[in-house]
Participant: 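Before we start, here is the structure in question, set down as structure tokens.
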Amino acid sequence: MEGPAEVSEGAAARERDARLPDMTYREEEVQLRAAVRSVLDDRADWRSVLARTEAAQTYDTGLWQVLAGQVGCAGLLVPQELGGAGASFREAAVVAEEAGRALAPVPYLGSAVLATAALLPAAGQAPQARELLAELGAGTATAALAVPFATAPGAPPEPTVRIVPGPAGDPAGTYRLSGSVTGVADALPADVLLVPGDGVPAGLFAVRAAQAGVTMTPVTSLDMTRQLADLTLEAAPASRIAAGPAAGAAVTAALRAGAGMLAAEQLGLAERALEITLAYVKQRHQFARPVGSFQAIKHRLADLWVAITQARAASRYAAACLAGQDPDTPVAVALAKATCSEVALLAGQEMVQLHGGIGFTWEHPAHLYLKRAKATSIALGTPERHRAALADLVGLPAP
Amino acid sequence: MEGPAEVSEGAAARERDARLPDMTYREEEVQLRAAVRSVLDDRADWRSVLARTEAAQTYDTGLWQVLAGQVGCAGLLVPQELGGAGASFREAAVVAEEAGRALAPVPYLGSAVLATAALLPAAGQAPQARELLAELGAGTATAALAVPFATAPGAPPEPTVRIVPGPAGDPAGTYRLSGSVTGVADALPADVLLVPGDGVPAGLFAVRAAQAGVTMTPVTSLDMTRQLADLTLEAAPASRIAAGPAAGAAVTAALRAGAGMLAAEQLGLAERALEITLAYVKQRHQFARPVGSFQAIKHRLADLWVAITQARAASRYAAACLAGQDPDTPVAVALAKATCSEVALLAGQEMVQLHGGIGFTWEHPAHLYLKRAKATSIALGTPERHRAALADLVGLPAP
Amino acid sequence: MLNAEPGAGGALPEPDAAAELRRQVAAFLAAHDPAATDPAEFLRARFDAGLAWVHYPPGLGGQSLPRTLQKVVDAAFAAAGAPAHRADRNAIGLGMAAPTILAYGTDEQKRRWLRPLWTGEEIWCQLFSEPGAGSDLASLSTRAVRDGDRWIVSGQKVWTSSAHVADRGILLARTDPEQPKHQGLTYFSVNMKAPGVEVRPLRQATGEAEFNEVFLTDVEVPDADRIGEVGQGWQVATATLMNERVALGAFTFPREGGMIGVAARRWRESPQLRTPGLHERLLRLWAQAEVSRLAGERLRQQLAAGQPGPEGSGAKIVFARLNQEISDFEVELLGAEGLRYGDWAMRRPEGADFYGRDAGYRYLRSRANSIEGGTTEILKNIVAERVLGLPPEIRLDKDKPWKDLPR
Amino acid sequence: MLNAEPGAGGALPEPDAAAELRRQVAAFLAAHDPAATDPAEFLRARFDAGLAWVHYPPGLGGQSLPRTLQKVVDAAFAAAGAPAHRADRNAIGLGMAAPTILAYGTDEQKRRWLRPLWTGEEIWCQLFSEPGAGSDLASLSTRAVRDGDRWIVSGQKVWTSSAHVADRGILLARTDPEQPKHQGLTYFSVNMKAPGVEVRPLRQATGEAEFNEVFLTDVEVPDADRIGEVGQGWQVATATLMNERVALGAFTFPREGGMIGVAARRWRESPQLRTPGLHERLLRLWAQAEVSRLAGERLRQQLAAGQPGPEGSGAKIVFARLNQEISDFEVELLGAEGLRYGDWAMRRPEGADFYGRDAGYRYLRSRANSIEGGTTEILKNIVAERVLGLPPEIRLDKDKPWKDLPR
């Protein structure tokens with residue numbers, strides 16, 4: 001009978017396989033996971049996450065202080081010479097998984113991934129970038145990349161913010177920006193906003209949030225655990241981090257890294273949704289049997305588990321490619337974001353359905369997972385947009 | 001709690017609904033079904049259908065004589081003044097369902113539907129069309145429409161046959177055709193081929209099969225129960241049935257009617273596949289239980305049954321629209337062919353899978369249903385092509 | 001229960017009966033000027049005249065006429081500008097409680113409850129589901145203990161629409177835990193204003209609360225408010241639920257009338273949002289939605305032709321799946337806008353508002369379509385066992401005393 | 001069984017052991033000129049020298065060395081142009097029969113069977129599945145009745161690859177119908193040339209016959225050919241099947257190495273066949289296929305790092321589904337060409353030929369991927385119960401005598 005592989009196109013193919021990066025969790029990654037999970041188990045159980053969504057401050061800055069300062073999550077991607085951990089996207093993905101499991105209301109993705117990744121390319125040239133990276137890594141400041149959260153890596157939109165003339169007294173190197181950006185993730189708790197701005201040349205600018213000319217309006221968001229904000233700038237003072245093509249490249253790189261790490265977050269979300277659902281169907285009885293003893297339910301949960309094994313491979317491959325600056329990174333990120341988005345959504349939807357009525361109530365975590373899953377499937381590019389990117393990347397042209 | 005319909009947009013909408021044609025089976029249709037089924041139960045059990053696929057003649061002309069001559073299946077669409085039944089596509093669809101249930105190796109679709117529908121528009125003008133319709137309706141001749149069976153109604157291909165000069169002695173009104181058409185359905189037993197041919201003007205031509213210049217090569221076909229043929233014409237004598245735009249319109253109308261009736265055939269196929277599978281899983285024991293007592297199997301069969309209820313509505317709507325020359329016919333046929341193709345394929349695939357190993361053997365009917373289902377999903381337009389046609393028909397434009 | 005429905009036949013052929021009803025309404029209106037009569041008084045008089053629900057028996061608001069004649073009466077009253085009995089506010093009362101009372105109630109109960117129910121003076125709710133008894137309703141735990149000519153009821157009910165505005169509720173409670181689960185149940189009508197009845201809103205994933213939890217703590221229910229025999233509760237409740245199912249099938253959709261219409265309009269209005277992948281999905285969903293509409297219409301045609309078939313069993317499965325897939329599509333189509341939500345505020349709407357709110361709401365609210373009113377899983381079991389004749393699940397809970405079942 | 005595998009440790013560190021093996025091969029080749037020796041003779045001598053499968057025990061073709069050293073020996077023999085033992089022709093013998101014989105066979109059986117098995121002089125097949133016992137193998141009916149020092153075997157086996165060329169078969173038969181089904185089975189080796197063994201090709205949907213039916217009519221099997229104890233057959237067979245499963249995981253795919261590569265190439269070569277809907281499907285399938293490849297590679301990396309996980313349980317489910325969906329896509333892409341089929345002629349191929357034949361063949365043959373080697377349904381049960389810890393199906397067949405079970 002047939003096994004999963006009659007084909008093996010000889011030594012050349014096997015050599016190419018041997019080049020696949022390590023997709024397992026290494027020992028230090030397992031330790032990092034345990035450290036992060038321990039903090040989140042303590043401080044981000046689902047009841048406090050739910051309560052936070054209706055609090056005045058929807059981000060938990062205290063929790064972020066612990067994760068950033070004590071566990072070192074904020075500085076994983078920051079070079080050691082700037083005080084960071086000099087770790088890689090492999091470790092960053094592990095933290096993202098944990099943040100996804102807990103739906104932790106912290107600006108990890110926005111600050112430690114998106115903003116940090118946008119600053120890294122400029123760290124060689126721009127002193128402001130170096131200073132800011134050091135602050136972000138130390139957890140003494142957080143930043144957000146001011147693009148709509150729905151933006152896909154391959155298609156950064158035209159900047160909606162422009163350089164405008166400043167008053168005469170502006171210090172050298174100060175720009176003024178006007179315009180607005182809608183639906184920015186992790187902007188609400190941010191001290192600094194990294195804003196792509198139009199001008200001659202166009203650039204990526206750093207804008208301190210707490211100053212005149214900067215207005216941040218909270219958005220009632222589908223994902224209540226990561227509240228978006230609309231940003232309006234009116235001649236807000238800014239400093240330029242990167243200019244010209246380098247600015248666009250930095251944004252694209254950040255979005256790609258963000259999509260890869262968001263896939264890891266979705267993997268964590270899916271795993272946790274499955275765990276909670278499994279626990280429920282083992283304990284919940286109907287017809288004097290555990291609901292989880294019904295074969296149709298068993299098969300659906302098996303399907304979900306199989307899908308998660310696939311998502312894990314895709315996510316780990318993307319993290320490893322990002323870590324190693326592998327030329328296959330665009331393919332890896334597209335695969336990971338497309339796969340993990342769909343698996344997380346499946347997990348969230350099955351979580352609601354298999355809990356029955358209770359899963360549809362406010363006082364149960366299922367809706368939080370569902371909303372995060374649905375919102376992240378759109379964020380940083382829908383599965384369809386990521387698959388469409390593959391068409392060019394792997395040579396499967398559209399009609 | 002919510003039911004399947006909060007919306008009811010008032011009296012106007014209800015009036016439009018009231019205009020929906022009758023989608024039930026009427027009494028005379030139920031009787032026709034019983035008559036056809038009785039013949040097929042007697043003469044087209046699956047073992048004889050299987051044996052026929054490896055016989056020299058893969059079509060059962062004896063069976064067709066009974067269905068055409070005694071039951072009157074061949075003349076359903078032929079007007080009464082030409083000796084036909086003057087019935088409609090509603091009745092024709094009932095016969096198609098039965099033919100699909102039995103996988104009957106008869107040229108019903110090719111002769112009584114496709115060729116007949118192609119001749120009907122010309123019946124007013126061309127005496128040859130009238131004569132031929134009378135022959136087809138009486139079952140004294142069969143015909144086939146010489147287009148590739150994969151052709152979709154909306155996209156008839158350019159003719160691959162051309163008018164060529166004939167010898168000096170040709171009688172008036174005789175044309176000569178050269179060229180080839182591949183993958184024609186129900187051509188092998190046909191006495192007459194209706195061939196779209198290029199020329200000035202282009203036209204639809206009738207070509208007697210049994211004459212010099214006509215070569216028909218049997219094709220080893222995925223659907224062994226409806227063997228295709230490749231047709232080659234070398235200055236073959238022909239008479240013109242329709243010319244210019246009327247010829248193209250006749251072919252399009254025939255293909256559309258054919259797609260609608262093929263959907264009915266697929267409905268019958270799916271129903272029968274479900275019946276056989278149900279009987280099997282009720283009787284087959286594994287783990288000392290009927291296989292059909294396992295909930296995952298039960299739910300899949302419930303899914304299939306629900307899908308068949310949907311397919312039946314789509315198929316009956318198409319038949320009723322074709323019968324009434326309803327302006328919604330193109331939408332109805334596109335819906336029916338897209339829906340029934342997918343449901344028949346699901347039924348065929350589930351039939352194989354739920355029979356386990358035995359369903360994969362030659363000496364079991366499952367493979368015959370699977371092959372018919374897969375081939376008909378391509379024939380007369382794939383589901384995707386029919387859905388794409390909806391984009392224009394109902395105003396859902398492509399990007 | 002369906003056979004217990006009154007009004008299957010009438011004395012007069014329909015056209016004559018309609019004319020006679022119109023005469024009666026005219027006479028009634030002559031005696032009760034709609035403009036000058038107190039609305040409640042008007043409705044009570046209409047009930048007493050047998051012009052409320054004409055298929056109900058004489059003396060109980062009707063004349064034992066065919067149900068199809070109801071529209072004649074309603075149209076005549078509406079044309080005269082008569083006060084309405086606000087059927088929308090009392091859907092459970094009219095659709096479920098009333099037929100049950102008629103079939104199983106005592107004469108005294110019918111006289112006491114049916115008039116204020118029909119006029120809308122008394123709103124009814126349904127106290128069936130419990131946190132521990134959803135798909136397996138018969139396993140419910142709410143206890144009713146007899147104490148002379150009254151019952152003391154304690155327990156918790158859930159998913160109760162209208163409980164916060166209701167005057168009475170139909171209640172299913174366990175009166176004998178020693179019996180197998182289906183046999184120890186009894187059916188009551190309970191006064192929702194009685195001491196010990198506490199109604200709390202049940203907030204749902206959409207942010208609002210269409211439903212309630214109802215906590216019953218030593219609530220006194222007179223034995224006179226018991227409907228049916230002691231231990232007959234499951235049978236009575238089954239009849240109630242069958243009325244629910246009959247009610248569901250009565251609506252009709254125009255093409256693009258449902259959720260697909262919202263998505264199709266959004267598509268047409270938003271060229272900038274279109275992508276090839278979304279186009280494929282939309283065409284597929286449009287085709288499925290239109291075919292499901294045709295299937296519903298075909299079912300109605302069959303019923304009208306006296307050929308009832310089992311096809312209806314699949315309709316709710318398809319409805320729920322399509323609502324979910326279409327709303328999922330719509331949020332994705334919207335992209336950036338789909339990340340925003342209208343309002344999480346806790347509100348008390350009458351029901352789902354699929355067309356008045358935004359795509360995110362539709363997405364979330366439609367998740368419940370495959371749970372409420374019978375989960376998709378239970379409906380598939382029903383199709384498999386009752387339509388396809390496949391063997392039932394192995395049941396270990398039918399014959400043991402309820403108190404000994406694992407929970 | 002996996003623990004019974006020999007050669008878990010060796011006396012020498014690996015580099016030294018490899019050098020020593022190379023010395024042994026060189027010495028052997030010096031004594032047996034490959035060009036001048038009869039191939040069978042050569043292979044028998046190689047076996048006797050402990051250079052056949054080095055992880056087997058001394059005297060049985062090996063030296064109890066780590067399995068990883070096998071490649072050293074094979075490479076050295078191949079470099080010298082030595083005759084091969086044609087492992088491909090005896091996959092079941094080498095992969096399933098041999099480890100079972102080693103673990104459960106008597107010393108005499110090992111001596112008698114392992115050498116001709118390894119050299120390829122005796123081809124083995126597997127007589128397990130029956131028409132009435134597929135997923136539920138333990139319910140099999142083939143009877144073996146003891147008669148002194150021999151057994152008389154009657155029954156029908158099915159899905160037997162290589163039976164038409166095999167010399168011996170491993171057979172599972174029922175020796176005690178009074179026992180519960182798992183306990184009444186015994187494991188034998190049967191001579192396929194014995195009287196009463198009839199092999200018939202089993203033609204399949206593709207037209208050809210990869211497998212056989214084997215009819216056993218009063219076949220005599222000496223008790224000396226029984227493997228394991230009487231009644232221990234299920235345990236022995238489970239070990240055999242575990243070897244099958246281990247064998248499956250050993251392959252590797254390059255990107256686009258499987259069925260998806262065929263579809264992708266066809267897409268690239270055929271611009272005229274492309275449509276938007278097919279493009280969406282292809283991109284989705286490509287992504288799924290590539291991710292499943294990554295999942296397989298990740299599993300291999302985990303095993304190599306000593307972190308075995310349960311992920312492998314899902315691999316065959318995904319493999320079967322993708323093979324089916326991709327081949328379905330390919331036939332649809334081809335359109336008119338997809339309606340044609342290469343050849344329905346009855347043939348006897350060695351196995352599935354996914355890449356040498358046409359799209360229709362791939363479509364049909366892949367249907368069996370979710371049936372053969374464990375149905376997808378059974379595999380999902382295994383994932384649900386063994387990986388996710390969900391309750392097992394209610395079993396009514398484990399403790400009753402086999403003869404009393406419904407069939």
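Numbers restart at 1 for each chain; the letters A, B, ... are given by sequence-line order, proteins then strands. What you see is a predicted model, and the numbers here were worked out from it, not measured in a lab.
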Participant: Which bit of D:Gln272 is near chain A, if near means a heavy-atom gap under 4.5 Å: side chain, backbone, both or neither?
Facilitator: neither
Participant: Take D:Ile394 and A:Arg289 through the side-chain contact (heavy atoms from CB on, under 4.5 Å) test and state the conclusion after the steps.
Facilitator: CA-CA 10 Å; D:Ile394 297 170; A:Arg289 288 168 56 177; 4.0 Å; yes
Participant: Taking all non-hydrogen atoms of both residues into account, name the closest pair between A:Thr309 and D:Ala295 and its distance.
Facilitator: O-CB, 4.3 Å
Participant: According to ring-ring contact (aromatic ring centres under 6.0 Å, His included), does anything in residues 257-302 of chain D pair up with another residue at least two apart or in another chain? List the pairs.
Facilitator: D:Trp267-D:His279
Participant: Is it the backbone or the side chain of A:Asp22 that comes under 4.5 Å from a heavy atom of chain D, or both, or neither?
Facilitator: both
Participant: Heavy-atom cut-off 4.5 Å, strictly under: side chain, backbone, both or neither for D:Pro271 against chain A?
Facilitator: neither
Participant: Under a 4.5 Å cutoff for heavy-atom pairs, which residue among D:Leu283, D:Val383, D:Leu322 has the most contacts with chain A?
Facilitator: D:Leu283
Participant: Could you go through A:Gln310 and D:Gln288, starting from their C-alpha distance and side-chain angles, then the distance that decides it, and tell me whether this counts as side-chain contact (heavy atoms from CB on, under 4.5 Å)?
Facilitator: CA-CA 8 Å; A:Gln310 304 290 300; D:Gln288 291 179 7; over 6 Å; no
Participant: So which part of A:Ala391 gets closer than 4.5 Å to some heavy atom of chain D, the side chain, the backbone, both or neither?
Facilitator: both
Participant: Between atom CG of D:Leu390 and atom CH2 of A:Trp305, what is the distance when rounded to the nearest 0.5 Å?
Facilitator: 12.5 Å
Participant: What part of D:Glu290 gets within 4.5 angstrom of chain A, counting heavy atoms only: side chain, backbone, both, or neither?
Facilitator: side chain
Participant: If you count heavy-atom pairs under 4.5 Å with chain D, which of A:Asp303, A:Ile297, A:Val281 comes out on top?
Facilitator: A:Asp303
Participant: Let me confirm one number: the CG-OG1 distance from D:Leu388 to A:Thr277, rounded to the nearest 0.5 Å.
Facilitator: 11.0 Å
Participant: Hey, is the main chain of A:Met23 close enough, under 3.5 Å, to the side chain of D:Arg298 for a donor-acceptor pair?
Facilitator: yes
Participant: Using a 4.5 Å cut-off on heavy atoms from C-beta on, say whether the side chain of A:Val306 contacts that of D:Lys380.
Facilitator: no
Participant: Would you call D:Glu280-A:Arg387 a salt bridge at under 4.0 Å N-O?
Facilitator: no
Participant: Measure the spacing between CD of D:Glu377 and NZ of A:Lys298 and express it to the nearest 0.5 Å.
Facilitator: 13.0 Å
Participant: Determine whether more than 12 heavy atoms belonging to other residues, nucleotides or ligands lie under 6.0 Å from atom CZ of A:Arg385.
Facilitator: no
Participant: Can you tell me which portion of D:Pro310 sits under 4.5 Å from chain A's heavy atoms? Options are side chain, backbone, both or neither.
Facilitator: both
Participant: When you measure from the side chain of D:Gln301 to the backbone N and O of A:Pro21, does any donor-acceptor pair fall under 3.5 Å?
Facilitator: yes
Participant: Quick one: which residues of residues 328-336 of chain A reach chain D at under 4.5 angstrom, heavy atoms only?
Facilitator: A:Asp328, A:Val331, A:Leu335
Participant: Identify which part of D:Val291 has an atom lying under 4.5 Å from any heavy atom of chain A, answering side chain, backbone, both or neither.
Facilitator: both
Participant: Using only atom types and a distance under 3.5 Å, with no angle test, would you say the side chain of A:Lys282 pairs donor to acceptor with the backbone of D:Pro391?
Facilitator: no
Participant: Please classify the contact of A:Glu275 with chain D as side chain, backbone, both or neither, using a heavy-atom distance under 4.5 Å.
Facilitator: neither
Participant: May I ask you to list the residues in residues 392-399 of chain A that approach chain D closer than 4.5 angstrom, counting heavy atoms only, ordered by number?
Facilitator: A:Val394, A:Gly395, A:Leu396, A:Pro397, A:Ala398, A:Pro399
Participant: Pick one of side chain, backbone, both or neither for D:Ile92, based on which atoms fall under 4.5 Å of a heavy atom in chain A.
Facilitator: neither
Participant: Is there a side-chain contact between D:Arg284 and A:Glu342 in this structure, where contact means two heavy atoms from C-beta onward sitting under 4.5 Å apart?
Facilitator: yes
Participant: In terms of heavy-atom proximity below 4.5 Å to chain D, should A:Thr24 be classed as side chain, backbone, both, or neither?
Facilitator: both
Participant: I'd like to verify something: which residue of D:Ala91, D:Gly261, D:Ala305, D:Ser292 has the highest number of heavy-atom pairs under 4.5 Å with chain A?
Facilitator: D:Ser292
Participant: Pick one of side chain, backbone, both or neither for D:Thr275, based on which atoms fall under 4.5 Å of a heavy atom in chain A.
Facilitator: backbone
Participant: About how many Å separate CG of A:Leu20 and CG of D:Leu294, when rounded to the nearest 0.5 Å?
Facilitator: 6.5 Å
Participant: Take D:Asn381 and A:His299 through the side-chain contact (heavy atoms from CB on, under 4.5 Å) test and state the conclusion after the steps.
Facilitator: CA-CA 7 Å; D:Asn381 278 353; A:His299 279 203; 2.8 Å; yes
Participant: Tell me, for A:Arg300 versus chain D, whether the close heavy atoms (under 4.5 Å) come from the side chain, the backbone, both or neither.
Facilitator: neither
Participant: So, using salt bridge (charged side-chain N to carboxylate O under 4.0 Å, His left out) as the criterion, who are the partners of A:Glu28 when residues are at least two apart?
Facilitator: none
